[in-house]
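Each chain gets a letter, A, B and so on, in the order its sequence line appears, and its residues count up from 1. All of these numbers come straight from a predicted model, not from anything done at the bench. All heavy atoms count here, side chains included; hydrogens, waters and symmetry mates do not.
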Amino acid sequence: MASNKQMYDKGKVVAGLVIFVILITFPFWYNLGKAAPAPELKLTEKAKAEKTCVMSKEEMKAGHMQLLDIWRERVVRNADRTYVNESGKEYSMSLSNTCLDCHSNKAEFCDKCHNYVSVAPYCWDCHIDNPKEAKK
Amino acid sequence: MENSRRRFLKIAGISALGVAGAKPVLDVFASGDSHGEAAKAQPEIRKGEKALTAKQWAMVIDTRKFKSGADLEPIIEACHKIHNVPDFMDKENPEFKEDNRRHVIKWIWEEEYNHAFPTGGEPFLNERIKHLPFLVLCNHCEDPPCVRACPTKATFKREDGIVVMDFHRCIGCRFCMAACPYGSRSFNFRDPRPFIKAEERNPEFPTRMKGVVEKCNFCAERLAVGQMPACVEASNGAIAFGDLYDPESEVRKLLASNFTIRRKDGLGTGPTVYYIV
Ligand code: SF4
Ligand code: SF4
Ligand code: SF4
């Protein structure tokens, strides 16, 4: 019964398999060693002068979306608008008026990372970006 | 053989559970620790010091102080400008079409008596009332049907009685518009931004996007910083605003000393916008 295990057209099948594997992994080969560099953010003068954000830089990097979510919930639904951070500093919980006041350079700040990680938050469909220079 | 394989699987399973289960447990211990020695204060969220509060905000509009539509215009404009309400009927806009009438968004507008108070039904109306323009807006009803209709709680009644829209949450189903007996709500059939003049945009207040419903918010964002609603400020004293359940408030004083009417009050929605006629 050994003949049952015989493979027909062995050469073609193996060659086909090899080509298939190469094709399917092509994107990996193609991008090998060309990892997109981590985005470099530009801070506005105002943001630089401020030195620290509402939370530490690391916490903001990792969790600004959660913070904004809490803010939104509390402002809209509870009418609480003041946030006191860990060091006792008070902020108005407003994306339009607090966050975007310092970070008025959407293209060089927000967009940089959002594009890098391929997320498209629709905050700016309503919240007007770049308050000071109201572009466009 | 069977036995030892079973044993192996059991042990493997338990260790896997142990590895997976230990992390949250350890985390809890870790965070418990840091709570103990927390040197920094926990962040806190609260109301602003200047915030105005009430049990139920209400408005009294003294229609005797208005003569014609021209008196209402600055009031409407004040509200619409500050809240980035688009003007679809602006003839200068390149996208202007007569047909845009169907898309008009309004928070506060002008209405004739018969339309504002259709249940009145007086056939021989007093001449003054007949030609008097009435200001109408969301009534911030005490028992608001729009809130009951909203499937997502995007429309809800706040503690201070204001019926608020959470634009983030609105799915644009427009149940609320069908439920509101006053036509107080408008739907964004299209992107409103091209119809808000760039130089007139108020960057401190968001615009809306296509697919959400909007209406007057009793200037919740102004009350939060101790200011009266924009229309009240622009009315030269024709509109009063205050707490309906504070006997000392301005609105209660006006209600006590004047005869007032409300829109369709027979429906039981409990409108909190009162009109002195
Ligand atoms: S007037 Fe209409 S939108 Fe306003 S609270 Fe009453 S039912 Fe809701
Ligand atoms: S349109 Fe928005 S606010 Fe109105 S009922 Fe639907 S989800 Fe609620
Ligand atoms: S209370 Fe505020 S939002 Fe409502 S109509 Fe007046 S100005 Fe506009």
Side chain / backbone / both / neither for B:Phe205 at chain A, heavy atoms under 4.5 Å: backbone

task: Measure A:Arg77 against the heavy atoms of chain B and call it side chain, backbone, both or neither at under 4.5 Å.
output: both

query: By a 4.5 Å heavy-atom criterion (distance strictly below it), what part of B:Lys153 contacts chain A: side chain, backbone, both, or neither?
result: both

- prompt: Measuring heavy-atom distances to chain A, does B:Glu159 have an atom under 4.5 Å in its side chain, in its backbone, in both, or in neither?
  reply: neither

- request: Taking atom types as modelled, find out whether B:Thr269 and B:Tyr182 have a side-chain donor-acceptor pair closer than 3.5 angstrom.
  value: yes

Side chain / backbone / both / neither for A:Arg81 at chain B, heavy atoms under 4.5 Å: both

query: What closest approach, in Å, do B:Val232 and B:Met59 show between heavy atoms, and which atom pair accounts for it?
result: CG2-CE, 4.0 Å

message: When you measure from the side chain of B:Thr272 to the backbone of B:Asn139, do you find a donor-acceptor pair of N or O atoms at a distance under 3.5 Å?
response: yes

field: A:Lys106/A:Asp111 salt bridge by N-O under 4.0 Å criterion
entry: yes

Side chain, backbone, both or neither of A:Asp125 within contact of chain B (heavy atoms, under 4.5 Å): both

field: Which portion of A:Met55 sits near chain B, non-hydrogen atoms under 4.5 angstrom
entry: neither

- request: For the pair B:Arg158 and B:Asp160, find out whether any cationic side-chain nitrogen is under 4.0 Å from an anionic carboxylate oxygen.
  value: yes

- line: Bottom line for B:Glu199: the part with an atom under 4.5 Å from chain A's heavy atoms is neither

- request: Go through the side-chain N and O atoms of B:Thr152 and B:Arg169 and say whether any donor and acceptor fall under 3.5 Å apart.
  value: no

query: Among B:Ala224, B:Ala220, B:Pro192, B:Pro206, which has the most heavy-atom pairs under 4.5 Å with chain A?
result: B:Pro206

Option in B:Lys210, B:Glu49, B:His168, B:Met165 with maximal non-hydrogen atom pairs under 4.5 Å from chain A: B:His168

field: Over 12 foreign heavy atoms within 6.0 Å of CD, A:Gln66
entry: yes

- prompt: Given that the side chain runs from C-beta out, which part of B:Asn202 has a heavy atom under 4.5 Å from chain A: side chain, backbone, both or neither?
  reply: backbone

query: Checking heavy atoms, do the side chain of A:Leu95, its backbone, both or neither come under 4.5 Å from chain B?
result: neither

Polar side-chain atom of B:Asn217 near backbone of B:Cys219 as donor-acceptor pair, under 3.5 Å: yes

Toward chain A, the part of B:Arg46 with a non-hydrogen atom under 4.5 Å: both

- request: Would you mind checking if A:Lys48 and A:Glu45 are paired as a salt bridge, meaning a charged N to carboxylate O distance below 4.0 Å?
  value: yes

